[in-house]
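Here's the structure, in structure tokens; my notes come after.
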Amino acid sequence: VTVETDLETRFAVPVRAGQRLDEVYPSLRTWTHPVTGSAELFPEQSSRRFGAHRDGIERPECGEGHCGVDLDGPRGRAIVSVAAGAIVRVERSELGLDGRSGRYVRIEHDDGTLTAYMHMDEVADLRVGDRVTAGQYVGTLGATAVFESAPHLHFSLEVPLRPDQHGDITDTRFVDP
């Protein structure tokens with residue numbers, strides 16, 4: 001069994017309207033891992049996976065509340081964009097706008113998908129509208145607005161509900177990255 005086959009068995013590509021999401025959104029096929037040099041491709045601990053229990057988060061597509069995955073790594077490790085796109089939000093305050101996200105960057109990729117990189121200690125010198133390439137540095141793994149766990153990257157993926165909308169939109173659906 002190859003590693004790729006094993007991962008596809010364990011983490012099936014979601015299907016929407018009868019089509020695999022990586023067919024609808026081609027950037028999903030060629031991602032760069034967001035935590036540089038990481039030995040962990042996916043969180044092994046169930047509490048760090050998509051859909052794990054989180055108090056106060058009510059998005060039906062997120063199971064019990066966790067709308068992303070928490071990726072491990074040492075504090076200060078470089079975080080990179082998983083695919084080319086444009087910066088649609090940069091949050092530099094320690095707690096983030098919601099008091100939970102910390103410092104983060106949100107990117108709209110060329111196919112319309114959106115990814116977010118949260119809890120960073122440092123955010124690169126990026127501004128809304130800047131273009132990034134796959135593998136481009138966006139910040140460092142950290143612990144901003146992390147109160148009960150070790151430093152980590154909260155990484156999330158959203159797909160637009162309406163393909164004609166672009167930018168820092170909220171009319172989206174979270175998907176297990």
Where is the tightest heavy-atom contact between [X] and [Y], given as atom of each residue plus distance?
X	Y	answer
Ile79	Leu141	CG1-N, 3.5 Å
Pro177	Phe42	O-CE2, 4.4 Å
Ala143	Arg75	CB-NH2, 3.6 Å
Leu95	Phe147	CD2-CZ, 3.7 Å
Ser81	Ile107	OG-CD1, 3.6 Å
Thr144	Gly102	OG1-CA, 3.3 Å

Output the distance between atom [atom1] ([X]) and atom [atom2] ([Y]), rounded to the nearest 0.5 Å.
X	Y	atom1	atom2	answer
Ile87	Asp168	CD1	CG	11.0 Å
Arg77	Leu71	CZ	CG	12.0 Å
Leu28	Leu21	CG	CG	6.5 Å
Asp70	Leu153	CG	CG	8.0 Å
Cys67	Glu61	SG	CD	6.0 Å
His154	Tyr104	NE2	OH	10.5 Å

Test item: side-chain donor near acceptor, [X] and [Y], under 3.5 Å:
X	Y	answer
Asp72	His152	no
Tyr25	Arg16	yes
Thr140	Glu122	no

Heavy-atom distance under 4.5 Å between the side chains of [X] and [Y], does that happen here?
X	Y	answer
Leu114	Val88	yes
Asp176	Val69	yes
Arg127	Val90	no

Short N-O contact, [X] and [Y], less than 4.0 angstrom:
X	Y	value
Arg89	Asp130	no
Asp98	Arg100	no
Glu91	Arg106	no
Asp110	Arg131	yes
Arg173	Asp171	no

Are the side chain of Arg103 and the backbone N or O of Val123 linked by a donor-acceptor pair below 3.5 Å?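 Not a single qualifying donor-acceptor pair exists.
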Quiz item: Considering residues at least two apart in sequence or located in another chain, which fulfil the side chain to side chain contact (heavy atoms under 4.5 Å, CB included) criterion with Ser27?
Solution: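 So Ser27 forms a side chain to side chain contact (heavy atoms under 4.5 Å, CB included) with Trp31, Ala83, His109, Asp111, Thr113.
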